[in-house]
Structure formats: structure tokens, C-alpha cells
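Notes to accompany the following structure.
Hydrogens, waters and symmetry mates play no part in the numbers below; they use all other heavy atoms, side chains included. Order of the sequence lines fixes the chain letters, A, B, ..., with proteins taken first and strands second; residue numbering starts at 1 for each chain.
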2 protein chains.
Amino acid sequence: MGKNLTKRSDDYSKWYNELVVKADLAENSGVRGCMVIKPYGFAIWEKMQAGLDKMFKETGHENAYFPLFIPKSFLSKEASHVEGFAKECAVVTHYRLKNDEDGNGIIVDPEAKLEEELIVRPTSETIIWDTYRRWIQSYRDLPLLINQWANVVRWEMRTRLFLRTAEFLWQEGHTAHATEKEAIEEAELIMNLYAEFAEEHMAVPVIKGVKTESERFAGAVETYCIEALMQDGKALQAGTSHFLGQNFAKAFDVKFANKEGQQEHVWATSWGVSTRLMGALVMTHSDDSGLVIPPKLAPIQVVIVPIYKGLEQLDAISERVKPLVQELRSKGISVKYDDRDTHKPGFKFNEYELKGVPVRLAIGQRDMDNGTFEVARRDTFEKETVPMEEVVSKIEFLMEDIQRNIFDRAHKYREDHITEVDNYDEFKRLIESKGGFISAHWDGTNETENRIKEETKATIRCIPINVAKEPGSCMVTGKPSPFRVLFAKAY
Amino acid sequence: MGKNLTKRSDDYSKWYNELVVKADLAENSGVRGCMVIKPYGFAIWEKMQAGLDKMFKETGHENAYFPLFIPKSFLSKEASHVEGFAKECAVVTHYRLKNDEDGNGIIVDPEAKLEEELIVRPTSETIIWDTYRRWIQSYRDLPLLINQWANVVRWEMRTRLFLRTAEFLWQEGHTAHATEKEAIEEAELIMNLYAEFAEEHMAVPVIKGVKTESERFAGAVETYCIEALMQDGKALQAGTSHFLGQNFAKAFDVKFANKEGQQEHVWATSWGVSTRLMGALVMTHSDDSGLVIPPKLAPIQVVIVPIYKGLEQLDAISERVKPLVQELRSKGISVKYDDRDTHKPGFKFNEYELKGVPVRLAIGQRDMDNGTFEVARRDTFEKETVPMEEVVSKIEFLMEDIQRNIFDRAHKYREDHITEVDNYDEFKRLIESKGGFISAHWDGTNETENRIKEETKATIRCIPINVAKEPGSCMVTGKPSPFRVLFAKAY
């Protein structure tokens, strides 16, 4: 028993780090900054992938695969892009090891030096646009709507499991369009798709918006984003969708013949979500007892634990459980029947709480006599004795209800943590105490944004989509401001 | 029209290279030896992945994800393993770029040198066994049955799309067991699983066997394999499953407490198939008109082409096609209705032949009048006029029949190309002329195997599973041999 899990109120950060490891989601590897995603964590990620992949395909996107390596000269072609990524690039310089003649063991063979260094992709715009030049000739080739599921590397100095790792898994969409309007519509469509996925599958409420210039993706004209709020009042950017204008088309000379036969540069978007979503999932719903996983993403949706003395009693219980397991599976509900005789029920209860299994059934002698199951839900810890013949419909109800309840709970927390502030001192006080999103006026300059960041560590998370026009004055400089923007400290 | 595809009989190798590109499977990228897998090719790979992944899960395996990078010291821990991979390792030595002060543009920052070089994984035994040391303590933790889908890099000097590329996609299974027997059974189970996948899904007949010592995986005690035969008489190793003994457990000090509480080293397997399977698929079935894809892996199983003059006629045809498309989709058959008015029917026919779509329907005015469709199958080019009400069942029949027919055809070719030979001169003649597998006696030594390889380029593909005992004498040295082994030139 005993999960030995730090309480959120004691140390939220420690709670997170412990939970990710104890619940078998991921762990640090022997390679600096790189994580191992364990089978239980990977099963959740696979469900995320499946959900997103279906949505991408339903909106006309196809998957493809582009090289892991990017020649240094490619990365350098778009000026602001290379500037954004140069400081965190893993660089391949050699292609062979050898046995050292001086007895130093296995060394890098100095004679096997690459003519041009290769960067392990931090993102794939450059290698993809180098390819698109060959694929796009005419307006008939457009739009080109492509996604890839891949690993990428950004050499981060301070890493945390899922939230910031040197290597992470993600999907990156890269689309090409004939017109500016169409590309902007695509970037917005994806922002909306991401928001729908976060809210409907992950039960994570998000705010949709655009980034300020200083927070934009390196090479983008506009960055759309979805922002979530964690239980410690810090924001987390959960996905971004970039309108890239003609920047990459110009850097890689990608033109198409329009219907009139004239050559034009192509318009582009790129967009991605990553294993970072796993961090958002954990920090949005989980509690001091462990993970809380929304039913739509839970690798095990229902666990059944027998409470018995002796193998004869276990056999009788197993007889009764078997048809229930089959019926639930036939309805597409994933069930685990944990009849291990090496662990006590209390140990198992703790384990499945820790792992966030949405519904736990228990069945002992009294239930056998009464024809019932004890049904416990993970999100509220409520327990109920349910007649056998109602168990399936009860579980079907709970799959919906838990999904809705944890969304509502997170949504309420988020709404309770959006505060309008008109005074910089009040802003500083709130950022340090309650946290959350602070909706405030800002004069629109980099200078003021940077000053606020330096003084409070808060950044502008986004300018919300369809923000209400509300003339006011910047809380710092007093200069005019046309609407409020959302500030927060962020992961 | 006009595919301009080289004929197989003129230049098989050229035919393959052209076909892979023209049919939109893959192409070379701007990075030496690395390919771009195009959407059509990737859709086939996704179907392969889905089929294999389901089989892995049904046999109790779980997916996880391990780091891309392997510290040089990890790779060096298993002596024969590092020797096998040292000559083809991409090595990361630095983690930052910078703007050169002397005006050379973006350069690798010499100050950002890694303390220990990282190898881009050529295979993951070492990083995974370093992890398993933390995961395995007791017999209760075994067996550990894990798979990962990943990209790997082996710096090949001569590359060919799918068959041999510097980066490729694959799955690699890594399992840990309490006993030698159990590990060997796992390695054999996977060999059989691979064979089933190759034959049932890819319609590629394979021979199961074990490798000789010189062809074994670096670090393995036994390598099981499946070997396929291409249309040019060359063999292709389509998948391998390795019994690793305790080699990696010892190198990484992975022990478990057995039921008696004693510490023992763990027994291991590893196994993988890669995007190389795409090459096997193409070379087994395709012809001078293009790809032939088995229905189970075809991204588009049925294409419907309207033959019309004017939009009014097209509308009438589309009306008739629509319910058919819906009915086929409801049966899980993927259908494309190609009503593009930018291309003529003949062009479309050619295109779908090139892309290997198993069944093509055409419908023109005569079919409209008669209530029929023209149904053409890709594998035999047979055409038939089928009454509307029989089209769906005809297609269902063809999905099965084409799958079976192309397997049978490949199987017949393979059987016709296994020749028993007892004389080395005859062996040399046959290897150069007919090719295929040659079943011959061999004295069991590396020396003879190497001599044959040097003199004929043929290698021992495998010692078939359950090979018949047949005492004989080595065709080269005359020394005794207990059974025949299979030789071939190979990809």
C-alpha cells in the first residue's frame, strides 16, 4: 500500500515529477534530457495519436515521412528560423567509430568526418520545403496537406519529463496553398481542431488565441495557439498552428503556376502538438492519490478486483465476472480483471487509483450473495453498490459522466482563475499569489512585454480569438490599448 | 498516358528504382542516403504497421519508446555488438550552432562539444537493456514483452529506396525472460508471426530458418529469419528474430531473483522488420505496368472511373455511382471515385495501374443503358461486364481472390526457383543464370561459406526450420554435411 506521493499543496512540482514515474508513465533515461516512455504512458499517447490522426485524415490530410537529418545549409536558409533553433541543435559530424590504436577503446573515427554537418531535426520546415519544391509545380498540386508523426530534438538545458525533454515525439503538419487566405484558414482550422481534441478527448479546457510577435514561432507570420491552465495556476501551451506566409516558399524557391500561367510563391502553414500533452493531461486532472485519466484516453477503463479467501471462492467470483468482462469488451470498453494472488485488494485499489483507472469494480462474498458489484469512480471516489444486471449500463453512464465531470471541474477552475486587472502592482501581487490567467491592457510593444516578463516572469500567453474591443490603457505605461490580453506564468 | 517504365526483363534494378518513384512510394531527399516516404507509400506502410501492431498486442506485447541517442560507452558494452555497428554510426558531437564571427555564416559552436559522443541508434539493445536493469528485479517482472516503432540510422554507403537507406523506419521488439527455453520460444513465436504477416497480409511467401554464425545479428546466439524471393531470382531477408542468450543481460548487469530468491541473469530476444518490407512487396508482385498491391494493404482497393462526354452525362453517372461507393465503404472497402475533369479515362487507367489499385470499375453510356459496370482486376488485367446488382459481391470476391492469386503466383515462382545442386560448378552456373534458392550441402565452416561468397556472391540465406536430415558431402570441400542449406544471392 502507501503511494508515498508528495501532496500537491506541499510541492506541486515534486508531486508531478513523482507521479509521472510512480504511475509508470515515463522516466529519465541514461541519456541526458531524454526520457523513456513506459508502456502505460505510451498506451495513453497512442490513444492521443489515434484520436488526432483520425481528425487530421477527416480534414483531408495525409501522413508522410521526411528525413531525421537536416543539412546545416538548409536550416540556415530562413534567417529567423535558424536564429530560433541554432542554440539547441544536436549536430552529427561523423559517421563511424573505430578501435583506437592507442588503447582508448572505441573512439570516433576522425577520418569519417562529414563534409557538411547534419542537424537532428528540431522541426522539419526546411527539409520539407526543400522537398515541396519538387512536388509543387502547378495550382493543381495545391493544396498540399501533409502531416508526419516523428521524433524531434531540441537541446534543452533544464528538462522535465514530458514538459521539456531533449527528444520528444510529436506530429508536425506542413501545408502549402495557392492563396494567403486559404493558408490562414488552414492555420485556424487546425487551431480549432486542436482545441476540440483537447476539450473532447483530454477533457482539458483551452483558450484559443494568437501569440504576440516575441512569442511567435521562428519563421512564422502568425502563431495560433491553445493555452491550458494547470492546477498550480501556471499556463501550458498545448498546441500551436503557424501561418508562415511565403517565408519558406521564398527561402526554398517554391513556386507554382497559377490558372493564368503566372509563377507565384506558395503560402504555407505548419502546426504541431507533442508528448507535452501528456504533461498537460496529468497536471489538469490528477490529485494527491494519483492520476485521473479521462475515459476516452484511459488504456484500462474499468478494473475488476475480486475480494476472496481461498481459491474456491476466487473461482466462483471469476465465473461471475467472466460474462461481464465479455459484454463490456463487446461494447468497446477496455477491462482488466486483476485476479493476481500475489497482491491484496487494498494494494490493488491503491495501484489503480495511482494509475487513474476511471472505474473500479470490486466483488466479494456479500456481493456474490446479493448479486451486486461495488462500483467506484476515480474522479470523485464515490462508491455505490449496483445490481449485476445494471452494471453495464452504469459503466456506460460513468464513461460519459466522468469525462464530462473532469472537464467541468477543470473548466470551473480555469474560469475561477481568469482575473481582470488594471493595475501593475495588483498584477504583480496576483501573479505571485493566486496565479492563473490575468486579463490586462498592454500597449502592444515588445519593450513593455519584456519588462513585465523580467519583473514578474509572466508572459503574454495569447491575444484571445474574437477578443472584445475594449479601449483602455496599458497597466505599465498608461499608453492606449485596444483590448485585453492574457498573461500568465507558463510551463 | 505512357508510364515510361523500364521493363523488368531489360533492367530489373532500374525498373524497381523507377517504379518506386513513379508510383509515389518514395524518393531520395536532399540528405545523402535518406529517403522521403511519400503519402501513397506511407499509407501502405501504415497498413503494415497496423497489421503487425495488432499481432504483437494479441501475443501480449506492449509498445514503449526509448531514446534516439545512445551514449558511446553503452554501445561499447557488448563487444560483438559494437563491432557489428561501429562502421556505420552517425555520431552527435555538438549541441549548438552559432554565427561565425569571421563571417563564415552559421557554424557548429566549438565550445558546445559533448563530453561523451552520442550515437544515433542503429538498433536499441544497449539503451533498452540499460533501462531494463531498473525495471527487472524479480521473476514477477518477467517476461517483459516490449516493442517500439522507431527510426534508426545506419550509415550505408550504397543506398536504394526502401532496400537500404541510411535512415529507415522499423519496429524493434525487446523481450526479457526467466529461462532460456522461454526466450527461444519467444524468438520462434515472432519468426512465425512475421511469416504469417508476410504471407497473409503481404501475400509474400517466405522460408523460415536460422542464420549461420557469420550471418547472425551482432550480439545474438541464434538469428531466426524469414527469406523471400524476388522476381529477379535474388533473395531478400524480410525479418529477423534473435535469441540473445544472456549476452546483453551480462553486459548491462540485468539480474532477477528467481522463485528461490537466487540472482540469475535474464534471457533475451530482439526482433525487427522495417520499411525494407516495402521493397519486398514491390519486387514480389509488381509488373511492367506498375505496382501490384495485395488488397489487404492497398490504400485504395477499388477505383471507379466515369467515361463521359459533357457534365450532364457525368452527373447521371455520379448519381448511379454514389450509392455503390457508400455500400462498399460500409463494408470497409476503400473506394475512390475519380471524377476529375482534368484528365481523360485512359490517363486515369494508366495511373491506377501504375499505383497497383487492385480493382478498377469503369462506367460509360453503354453501361448506364445496360445497368452494368466494367470490372477490371489489376493482377491479371481480366475485364468483365458485371450487372450493377452483382458488383458488390463481385468486388468482395475479388478482394479475396486477388490476395490469394498473387500469393499463389509468387509461391509458384518461388517453388520453381528452389533447385537442389550437388556440384559446385553447377552451383556457379545456376547462380549466374536462373538464380533463386539453391539447396546444397555445406561442410558447416565459415571458411567454405566465405569462399562461396567471394567466388559467387551467393550467401547462405538460412538453414530451414525442420530441415530434413540428409547426410551428404559439401559441394565444395567434399566433407560430410548432415542436411542441405539454402544459398542465394541476396538484396
>> So for atom NZ, which belongs to Lys54(B), do other residues, nucleotides or ligands contribute more than 12 heavy atoms lying within a distance under 6.0 Å?
In response: no

> How close do Ala90(A) and Phe69(B) get, heavy atom to heavy atom, and via which atoms?
Replying inline: CB-CZ, 4.0 Å

>> Working note: Glu172(B) + Ser124(B), criterion side chain to side chain donor-acceptor pair (under 3.5 Å); need CA distance, chi angles, decisive distance, verdict.
In response: CA-CA 8 Å; Glu172(B) 48 181 324; Ser124(B) 301; 2.7 Å; yes

>> Quick check on Ser73(A) against chain B: is it the side chain, the backbone, both or neither that has a heavy atom closer than 4.5 Å?
In response: neither

> Quick one: is the NZ or CZ of Lys344(A) closer than 6.0 Å to the six-membered ring centre of Phe347(A), and within 45° of its axis?
Replying inline: no

> Taking the six-membered ring for Trp, are His81(A) and Phe248(A) ring centroids under 6.0 Å apart?
Replying inline: yes

>> Among Ala86(A), Gly41(A), Pro71(A), which residue has the highest count of heavy-atom pairs closer than 4.5 Å to chain B?
In response: Ala86(A)

>> Can you confirm whether more than 12 heavy atoms, excluding those of Glu58(B), are under 6.0 Å from its CD atom?
In response: yes

>> I'd like to check the side chain to side chain contact (heavy atoms under 4.5 Å, CB included) partners of Ala218(B); sequence neighbours left out, ordered by chain and number.
In response: Phe85(B)

> At a heavy-atom separation under 4.5 Å, does Ile128(A) approach chain B through its side chain, its backbone, both, or neither?
Replying inline: neither

> Hey, which of Ile127(A), Leu97(A), Val31(A), Thr131(A) has the most heavy atom pairs under 4.5 Å with chain B?
Replying inline: Leu97(A)

> Does any heavy atom of chain A fall under 4.5 Å from the side chain of Asn28(B), the backbone, both, or neither of them?
Replying inline: backbone

>> Other residues, nucleotides and ligands only: do more than 12 of their heavy atoms fall within 6.0 Å of CD on Glu83(A)?
In response: no

> Is chain A contacted by the side chain of Lys72(B), its backbone, both, or neither, given a heavy-atom distance below 4.5 Å?
Replying inline: side chain

>> Counting heavy-atom pairs closer than 4.5 Å to chain A, which one of Arg140(B), Glu88(B), Arg134(B) comes out on top?
In response: Arg134(B)

> Are Lys77(A) and Phe74(A) in a cation-pi setup, meaning NZ or CZ lies under 6.0 angstrom from the ring centre and within 45 degrees of the ring axis?
Replying inline: yes

> Given Ile37(B), which of Leu25(B), Thr165(B), Leu169(B) fulfils the side-chain contact (heavy atoms from CB on, under 4.5 Å) condition?
Replying inline: Leu169(B)

> Of the backbone (N, CA, C, O) and the side chain (C-beta and beyond), which part of Asp130(A) lies under 4.5 Å from a heavy atom of chain B, both, or neither?
Replying inline: side chain

>> Below 4.5 Å, heavy-atom pairs only: which of Phe66(A), Tyr40(A), Trp45(A) has the largest tally toward chain B?
In response: Phe66(A)

>> Heavy-atom count check: over 12 atoms from other residues, nucleotides or ligands less than 6.0 Å from Lys22(B) NZ?
In response: yes

>> I'd like to verify something: which residue of Lys98(B), Met35(B), Glu46(B), Arg32(B) has the highest number of heavy-atom pairs under 4.5 Å with chain A?
In response: Glu46(B)

> Considering only heavy atoms, which portion of Ile146(B) lies under 4.5 Å from any heavy atom of chain A: side chain, backbone, both, or neither?
Replying inline: side chain

> How about Phe56(A) and Leu145(A): do any of their side-chain heavy atoms sit closer than 4.5 Å?
Replying inline: no

>> What part of Lys113(B) gets within 4.5 angstrom of chain A, counting heavy atoms only: side chain, backbone, both, or neither?
In response: neither

>> Within residues 151-161 of chain A, which residues come under 4.5 Å of chain B, heavy atom to heavy atom?
In response: Asn151(A), Val153(A), Trp155(A), Met157(A)

> Hey, which of Glu27(B), Glu116(B), Gln148(B) has the most heavy atom pairs under 4.5 Å with chain A?
Replying inline: Glu27(B)

